[in-house]
Amino acid sequence: MINQIKLRVSRTIKAAIQQAINQNEISLESIPDIIFSPTKGPEHGDIATPIAMSLSKLAKMPPRQIAKTIVKHLVDDPLIRQVEIAGPGFINLFVSEDWLYEILENIIHQNKNYGRSQSNISKRILIEFVSANPTGPLNIVSGRAAAVGDVLANLLNATNQNVTCEFYINDAGKQVERLGESIDIRYRQLLGEEELEIPEDGYHGTYLIDLAQLIIKNVGKQYLQLDRDIRINKFKNIGIQHLLDGQKSILKRFGVEFDVWTSEQKIRNDKKPEQIIEIFKQKNLLYESEGATWFQMTKFGDDKDCVVIKSDGEFTYFVPDAAYHRDKFDRGFDLLIDILGPDHQGHIAHLDHLIKALGYNTEQFEGLIVQQVNLVHPDGNRVEMSKRKGHLYTLDQLINELTETVGEQFAVDVARYFFLNRTNNSHLDFDIKLAVTRANDNPSFYVQYAHARCCSIFREMKDRKIDQLPINQVKLNLLAIDEETQIIKKMADYPEVIMNAAKEREPYRIPKYLYELASQFHTFYNKSRVLDTKHQDLMQSRLVLVRCVQIVIANGLKLLGISSPEKM
RNA sequence: GCGCCCGUAGCUCAGUGAAUAGAGCAACUGACUUCUAAUCAGUAGGUCGCAGGUUUGAAUCCUGCCGGGCGUGCCA
C-alpha cells in the first residue's frame, strides 16, 4: 500500500521536474529516480525525499530553491494533503488519511495472510544450517543458528519462495574418529584403566562419561575383548547415533524442523567425492606436491591453492563438501544458502571458489555468518565455548534454566527472541543471569503482552455482551488521534518489513518491528479506553484497531516461531 | 604478516549518504477503585575508537592507524 503511494508520488514529482525543465526553470539532462528517505517523526510528514539536494550539483542551484521550484509545479492530487520544504531542502509530503482506513480493511480481510507477499521471482531455495558435528550436544551458538535459519526460511516462504531446510551430518572424517577414541577412553577408564587420559584433540566433555556408562549398562565390559580398531569404530557409530538423537530432540523442543537430513558418510559411500576429483582432473585443476594432491584454487580468486587429497590418501574436507554442494544443485535448487558459524568464515570464500570451479554461477550460492555467542556468567566473565575443551553450555541447559522460572513454552519463546533480536553479524552476549532471573524484562514478554491485552479486551467484550459490528458498518474515520493513526501507519509498514527482512536475510528486523508496534499499542492502551459504551461508534472503530493489532502481532510472532498467548 | 567481522550513552545493541544520532537495561521522578501495572508518562546520560580524504551533506563511502574477536595449504 505504502509502496503504491510512493510510486504515485514519485511519478508526480518527476512530472513536476519535467515541467520545470520545460519552462527553463531548472537545467537538467535527465531526471533521476526519486528516492525516499525515512521520516524521523510525524512532523516530517509521511514521505520525504531529498531529491532537491541530490539535484543541487547537476542543476547548479541551491537545494531549497530547487525544492521550491519542484513544489510549484506539483499538480494537485487528492492523495497529497500538504507539502513542506524543510531543513536543507527536504520535500516532506503529508498524505491524506483516507488510505489508512483501507489498511484496516486489508488486515481484517487478509487476516493470517496479512504480510505475505507474492514476489515476482519464485525460487527453489535450500537453506542449510546448524549442521553441527555429531560429537557433542548442541551449544547455544547452534541454538542461535537454528533460530536464524528457521526464521529466515519462514520469511522466504512468506515472500513466495519455495524453501527447503537441511541439516548436514558430518558423520565422517577425523572429528568422528576422535569421538570414537574419546568414548573408548571413557569406557576403559570406567572399567578400571584410570591412568588413561583423553588426548588434547579429543572430546573432554563429561557427556561422554555418561554415554560410556550407558554403554556399560547395556553391554557391560564385553567390548574390551574386541580389537581396538573395531571397538573404536563401534563406539564411533554408537556415539554418532546417540549424539545425533540428542541434537534432533533439542531441535524439536526448540521448535526447529528440518525437511532433509543429509549424511556425509552417505555422500562418501556414493563415491561423490571421487566424482569431484574426476571433474577437477578433467579440467586440469589438480597437481601433485609434497606427497599430496592440490587444487588450483588460485585460478578462482583465492590467494592459496589447497590440498584435496592428503599424503595419507584421505580427502580433505573440501572434497566431500564440494560433492555435497554439487549434490544440492543436482537436486534442482536455484539458490543455496549456507548459514555458518564464525569459525567457518574463511570457508565461505573456499566454497565460492569450489562452486565456480564446478561450473555453477556464484550468484547461486550465499554464505551467511551467524556470529558467536559469548556466555556471560553472573561474575561478568565471558566464556569461550569449545566442544573439545569441554567448556559447554548447551541449548538444553539454557531451555531448562529458563523453564524453571517461566515454564517450558515461554522458555523457548524467550530464547528464540533473544537469539533473533540481533543482527547476524554482531556478537551476542548471552547474559544467563539476565535471561533467567530477569525474564520479566525480556522484550519477548513485552510483545506477547500486547497480544494478550488485545485478547483480554475481546474477552471482556464478550463478558459484557457487547456485539462487534462488521467492519463495513464501522465509522473508521473516528480513529483520528495521533496514537491511533500512528499505529495504523505502523501496521501499514508490516508487509514491507517482511519483504526487506527476507531480501536482506535479516530476521532481527521482525522482533524490532514488533517491539515498536507493541510499544505504540501499550501507549494507546494506557491513554484511551476501548470498551466505552457511552461512545458506541468510537468503541466499534477502536475494536477494529485492536483486532488489527492482534492480527499483526500474532502473524509476526508466528514467523519467529514464538507463541501468541491469550493470557499472561 | 594476510583475510573477514566488530568498535555508537554506564551496560547490551539499532541506525537505508540526509533533518536535533535512537531503543532496551541500569539510575532518578511520577501514574493502579479502570479493558491485565509483565504497562505507561517523564528526567538524565554521546569527542559515533583516532586521524585524514570524497561529498552540498559522513556514524554510514575511501585511506591510514589504534583496540577486540575469528580465521589463515594436508581439523571440519
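Naming convention: chains lettered A, B, ... in sequence-line order (proteins, then strands); numbering from 1 in each chain. Reckoned from all heavy atoms, side chains included, excluding hydrogens, waters and symmetry mates.
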Parallel, tilted or perpendicular, judged at 30° and 60°: which one describes the rings of A:H350 and A:H353?
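Judged by the thresholds at 30° and 60°, the geometry between A:H350 and A:H353 is tilted.
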
Parallel, tilted or perpendicular: which describes the rings of A:H325 and A:F365, with under 30° parallel and over 60° perpendicular?
perpendicular

The side chain of [X] lies closest to which of these nucleotides: [options]?
X      : options             : result
A:K512 : B:C13, B:A18, B:A14 : B:A14
A:N425 : B:C5, B:A14, B:A76  : B:C5
A:R529 : B:G73, B:A76, B:C35 : B:C35
A:P50  : B:U72, B:A18, B:U12 : B:A18
A:T423 : B:A76, B:A14, B:A19 : B:A14

Counting neighbours of [atom1] on [X] that are heavy atoms of other residues, nucleotides or ligands and sit closer than 6.0 Å, is the number greater than 12?
X      : atom1 : value
A:H427 : NE2   : yes
A:D463 : CG    : yes
A:K490 : NZ    : yes

So, the side chain of A:W294 versus the backbone of A:D305: is there a donor-acceptor pair under 3.5 Å, distance only?
no

For RNA chain B, what dot-bracket results from Watson-Crick or G-U pairs at under 3.5 Å, with [ ] for crossers and | for inter-strand partners?
(((((((..((((....[...)))).(((((.......))))).....(((((..]....))))))))))))....

What nucleic acid atoms does [X] come within less than 4.0 Å of, heavy atoms only: base, sugar-phosphate, or nothing?
X      : result
A:S528 : base
A:A450 : nothing
A:Q372 : sugar-phosphate
A:N92  : base
A:H347 : nothing
A:Q345 : base

Are any protein N/O atoms closer than 3.5 Å to N/O atoms in nucleotides 54-61 of chain B? If there are, list each pair with its distance.
{"residue": "B:U56", "atom": "OP1", "partner": "A:K57", "partner atom": "NZ", "Å": "3.1"}

Could you list, one pair per line, each protein nitrogen or oxygen that sits under 3.5 Å from a nitrogen or oxygen of nucleotides 39-41 of chain B, together with the distance?
{"residue": "B:U39", "atom": "O2'", "partner": "A:R453", "partner atom": "NH1", "Å": "2.9"}
{"residue": "B:U39", "atom": "O2'", "partner": "A:N526", "partner atom": "ND2", "Å": "2.7"}
{"residue": "B:C40", "atom": "OP1", "partner": "A:Y446", "partner atom": "OH", "Å": "2.2"}
{"residue": "B:C40", "atom": "O4'", "partner": "A:N526", "partner atom": "ND2", "Å": "3.0"}
{"residue": "B:A41", "atom": "OP1", "partner": "A:T523", "partner atom": "OG1", "Å": "3.0"}

Is there a side-chain contact between A:Y513 and the phosphate of B:A23, meaning an N or O under 4.0 Å from OP1 or OP2?
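Answer is no, no contact under 4.0 Å.
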
By a 5.5 angstrom centroid cut-off and a 30 degree plane limit, is there stacking between A:H44 and B:A19?
yes

If you measure from the ring centre of A:Y515 to the centre of the six-membered ring in the base of B:G24, is it under 5.5 Å, with the planes under 30° apart?
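So A:Y515 does not count as stacking on the base.
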
Do A:R453 and A:F521 form a cation-pi contact, if we require the NZ or CZ to be under 6.0 Å from the six-membered ring centre and within 45 degrees of the ring's axis?
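The answer is no; the distance or angle limit is not met.
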
A:F318 ring center within less than 6.0 Å of A:F295 ring center:
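Judged by ring-centre distance (under 6.0 Å), A:F295 and A:F318 do not meet the cut-off.
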
Does the pair A:E128/A:K328 count as a salt bridge with the N-to-O cut at 4.0 Å?
yes

Side-chain contact test, heavy atoms from C-beta onward, threshold under 4.5 Å: evaluate it for A:I553 versus A:Y494 and give yes or no.
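With C-beta onward as the side chain, the pair stays apart.
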
What are the two closest non-hydrogen atoms of A:F36 and A:I47, and how far apart are they?
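Closest pair (atom of A:F36, atom of A:I47, distance): CD2-CG2, 3.4 Å.
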
Assess whether one donor atom and one acceptor atom, taken from the side chain of A:Q371 and the base of B:G69, lie less than 3.5 Å apart.
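Absent.
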
